[in-house]
K.L.:
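I'd like to ask some things about the structure below.
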There are 2 protein chains.
Amino acid sequence: MNPTAIAEGLAWSIDGCTIGRAMEVLGEKWTVVVLREIFNGLRRFDDMRVRTGIPRQVLANRLAMLVDQGILRRVPYREPGARERHEYRLTPKGLDFYPVLITLLEWGNRYLSDPEGPPLRFVHRECGADVHAEVHCADGHLVENRRDIVPRPGPGARRR
Amino acid sequence: MNPTAIAEGLAWSIDGCTIGRAMEVLGEKWTVVVLREIFNGLRRFDDMRVRTGIPRQVLANRLAMLVDQGILRRVPYREPGARERHEYRLTPKGLDFYPVLITLLEWGNRYLSDPEGPPLRFVHRECGADVHAEVHCADGHLVENRRDIVPRPGPGARRR
DNA sequence: CAGTATCCCAAGCGATACTG
DNA sequence: CAGTATCGCTTGGGATACTG
C-alpha cells in the first residue's frame with residue numbers, strides 16, 4: 001500500500017477524535033505531573049506544591065481545571081482546631097486514567113531515563129514486580145506487533 | 001494511612017521523573033495528533049496538514065521536534081519527474097509509543113465521546129476486535145484494581 | 001508539493017505579594 | 001495552610017505571504 005492509497009483509505013473524518021480532546025485536557029505542561037502525584041497518594045495543596053515545585057498559581061489552575069473536567073473532586077475535611085479545608089481525590093474518570101500514566105511512565109523510563117535509571121516505578125502491591133501495559137484485542141489475543149493494529153472509523157465518524 | 005503519612009512516605013525525589021520529561025515532548029497541543037496520523041499510516045506533510053487542519057508552520061515545527069527527539073525520521077523519496085522530497089516515519093522509539101496512544105484513545109473514547117460514539121477505533125487486524133491495554137505485573141498477573149499498584153523509587157531516585 | 005518567513009495575539013509560566 | 005491577585009515574560013498558535 002503506497003502512501004497515497006493510505007491517505008485515501010483514511011478519507012473519513014477524525015474531527016473530534018478523542019485523542020485530540022484528551023490532549024486538550026492533558027496538554028498543559030503540569031497537568032499529568034499533578035495527576036501522577038495524586039496517584040502517588042498526595043491529596044493536599046502544599047504537599048503537591050513542595051514535591052513538584054509547581055508555582056502556586058499554576059497548581060491552583062490545574063487543580064481547578066481537573067475538578068472542572070470531573071477528573072478530581074474536592075473533599076472537605078477539618079483537622080482539630082483548624083478551619084475547614086479541601087483535599088483532592090480521583091473520581092472514577094480520574095481513576096480510569098491510570099493506564100495512560102502506566103504507559104507514559106513505561107515509555108519514559110525506557111527512553112528518557114538518566115544513566116542511573118528511572119526515579120519512579122510502579123509495582124504490583126502483592127508481588128512487588130514492575131507493572132506494564134499489554135495490548136490485547138477484545139477476543140483476548142495479545143497484540144505483539146503494532147502493525148497488527150489498524151485504525152477504523154467508529155460510529156461517530158463522518159465521511160468527508 | 002493518612003495523607004501526611006503518605007506524603008512522608010514519598011520523601012524520595014522524583015526530579016527528572018520521566019513522566020514529566022515525556023510531557024515536555026508531548027505537552028504541545030498538536031504533537032500527539034501528529035503521531036496519531038503517522039500511526040494511521042500518513043507520512044507526508046500535506047496529507048497530515050489537510051487531515052488535521054494544523055497550520056503549516058505548527059506542523060513543520062512539530063515534525064522537526066519529533067525528528068529531533070528521535071521519534072520520527074525523515075526518509076527521502078522521489079516520485080517520477082518530481083524533485084526529491086521527504087516522508088516521515090516512526091523510529092523504534094516512536095513505534096514503542098503506541099501503547100500510550102491506545103490507552104489515551106481508550107480513555108478518551110470512554111469519557112470524551114460525542115453521543116454518537118467515537119470517530120476512531122483501533123482494531124486487531126486479524127479478528128477486527130477493538131484493542132485495549134491491560135495492566136500486568138512482570139510476574140504475569142493481571143492487575144485489575146489500580147489500588148494494587150504502588151509507586152516505588154527507582155534506581156535513579158534521590159533522598160531529599 | 002513541501003515547506004520558510006513574518007507577524008500578531010492569546011495563553012501559559014513563574015515570581016512575588018497578599019489574605020483568611 | 002491553602003489558596004487569590006497581579007504582573008511581566010516567553011512560548012505556542014494561527015493567518016498570510018513567499019519559495020524551489
Side-chain angles (χ1 to χ4, degrees), chain A residues 2-8 15 20-21 23-34 37-38 42-69 72-89, chain B residues 2-8 15 20-21 23-34 37-38 42-69 72-89:
Chain A
N2 69 45
T4 309
I6 294 171
E8 280 164 8
D15 289 349
R21 295 189 186 179
M23 289 314 293
E24 268 175 57
V25 179
L26 309 174
E28 287 143 322
K29 187 171 160 193
W30 291 110
T31 307
V32 179
V33 173
V34 171
E37 291 308 317
I38 295 190
L42 295 202
R43 296 174 184 170
R44 298 186 181 179
F45 192 90
D46 239 50
D47 288 341
M48 297 186 227
R49 193 182 63 77
V50 169
R51 235 177 102 71
T52 61
I54 306 178
R56 296 165 172 292
Q57 188 63 261
V58 176
L59 178 58
N61 288 352
R62 285 309 88 90
L63 289 171
M65 185 274 287
L66 287 167
V67 169
D68 228 60
Q69 297 286 327
L72 300 182
R73 63 202 162 96
R74 286 174 65 138
V75 181
Y77 73 96
R78 182 190 295 268
E79 292 203 335
R83 67 174 170 79
E84 184 177 272
R85 302 186 187 287
H86 299 89
E87 50 183 35
Y88 298 87
R89 301 208 200 174
Chain B
N2 70 44
T4 307
I6 294 171
E8 279 164 10
D15 288 350
R21 295 189 186 179
M23 288 314 293
E24 267 174 57
V25 179
L26 309 174
E28 287 143 322
K29 187 171 159 193
W30 290 109
T31 306
V32 179
V33 173
V34 171
E37 291 308 318
I38 295 190
L42 295 201
R43 297 174 183 171
R44 298 187 180 179
F45 192 91
D46 238 51
D47 288 340
M48 297 186 226
R49 193 183 62 79
V50 169
R51 235 177 103 72
T52 61
I54 307 179
R56 295 165 174 291
Q57 187 64 259
V58 176
L59 178 57
N61 288 351
R62 287 306 88 92
L63 289 171
M65 185 273 289
L66 287 166
V67 169
D68 227 60
Q69 296 286 326
L72 300 182
R73 63 201 161 99
R74 287 174 66 139
V75 180
Y77 71 96
R78 181 190 297 268
E79 292 204 334
R83 67 174 170 79
E84 184 176 272
R85 302 184 188 288
H86 298 90
E87 49 183 37
Y88 297 87
R89 300 209 201 172

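As a basis for the values below, the full set of heavy atoms in this structure was taken, side chains included, without hydrogen atoms, waters or symmetry mates. The sequence lines fix the lettering, A, B, ..., with proteins before strands; numbering per chain opens at 1.
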K.L.:
Measure from NZ or CZ of B:R44 to the centre of the six-membered ring of B:Y77, then state whether that distance is under 6.0 Å and the direction lies within 45° of the axis.
P.N.:
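Checked: cation-pi criterion met.
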K.L.:
Among all residues two or more places apart in sequence or in another chain, which pass the side-chain hydrogen bond (donor to acceptor under 3.5 Å, both in side chains) test with A:R73?
P.N.:
none
K.L.:
Who pairs with A:R62 by side-chain hydrogen bond (donor to acceptor under 3.5 Å, both in side chains), at least two apart in sequence or on another chain?
P.N.:
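A:R62 satisfies side-chain hydrogen bond (donor to acceptor under 3.5 Å, both in side chains) with no other residue.
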K.L.:
Applying side-chain hydrogen bond (donor to acceptor under 3.5 Å, both in side chains), can you list everything that pairs with A:R89, at least two apart in sequence or on another chain?
P.N.:
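Listed in chain order: A:E87.
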K.L.:
Tell me the interatomic distance from A:R49, atom CZ, to C:dT16, atom P, rounded to whole angstroms.
P.N.:
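Checked: the CZ to P distance equals 12 Å.
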K.L.:
Looking at every heavy atom in both A:M23 and B:K29, which two are closest together, and how far apart are they?
P.N.:
CB-O, 4.3 Å
K.L.:
For B:N61, check side-chain contact (heavy atoms from CB on, under 4.5 Å) against everything at least two apart and list the hits.
P.N.:
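Scan of B:N61 (side-chain contact (heavy atoms from CB on, under 4.5 Å), adjacent residues dropped) gives B:Q57.
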K.L.:
What's the shortest heavy-atom distance between B:R78 and B:E84, and which atoms?
P.N.:
NH1-N, 3.8 Å
K.L.:
So that I can compare with my own list, what are the stems of DNA chain C, taken as at least three consecutive Watson-Crick or G-U pairs with distances under 3.5 Å?
P.N.:
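So far as stems of 3 or more pairs are concerned, DNA chain C shows C:1-20 with D:1-20.
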K.L.:
Work out which heavy atom in A:L59 is nearest to a heavy atom in A:F45; give both atom names and the distance.
P.N.:
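What the structure gives for the nearest pair is CD2-O, 3.5 Å.
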K.L.:
Quick one: on DNA chain D, does B:K29 or A:F45 contact a more 5' nucleotide (nearest heavy atom)?
P.N.:
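The residue closer to the strand's 5' end, by nearest nucleotide, is A:F45.
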K.L.:
Kindly indicate, with the supporting measurements, whether the criterion side chain to side chain contact (heavy atoms under 4.5 Å, CB included) is fulfilled by A:I54 and A:M48.
P.N.:
CA-CA 8 Å; A:I54 306 178; A:M48 297 186 227; over 6 Å; no
K.L.:
Under the rule for side-chain hydrogen bond (donor to acceptor under 3.5 Å, both in side chains), what residues qualify as partners of A:R74, not counting sequence neighbours?
P.N.:
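Residues passing side-chain hydrogen bond (donor to acceptor under 3.5 Å, both in side chains) with A:R74: A:H86.
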K.L.:
Taking atom C1' of C:dG12 as reference, at what distance in whole Å does atom CD of B:E24 sit?
P.N.:
14 Å
K.L.:
Which residues, if any, of residues 60-68 of chain A bring a heavy atom under 4.0 Å of DNA chain D?
P.N.:
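A:A60 - these, ordered by number, are the residues of the stretch whose heavy atoms sit under 4.0 Å from the strand.
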K.L.:
A:W30 CH2 to C:dC13 P: how many Å, rounded?
P.N.:
9 Å
K.L.:
With DNA chain C as reference, determine whether A:V58 or B:H86 sits nearer its 5' end, using the nearest nucleotide of each.
P.N.:
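Of the two residues, B:H86 wins.
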K.L.:
Would you say the side chain of A:Q57 and the base of C:dA15 hold a donor-acceptor pair, judged only by whether the two atoms sit under 3.5 Å apart?
P.N.:
no
K.L.:
Roughly how far apart are B:Q69 CD and B:R21 CZ, rounded to 0.5 Å?
P.N.:
11.5 Å
K.L.:
Which nucleotide span of DNA chain D, 5' end to 3' end, has atoms closer than 4.0 Å to non-hydrogen atoms of chain A?
P.N.:
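The contacted stretch runs from D:dC1 to D:dT6.
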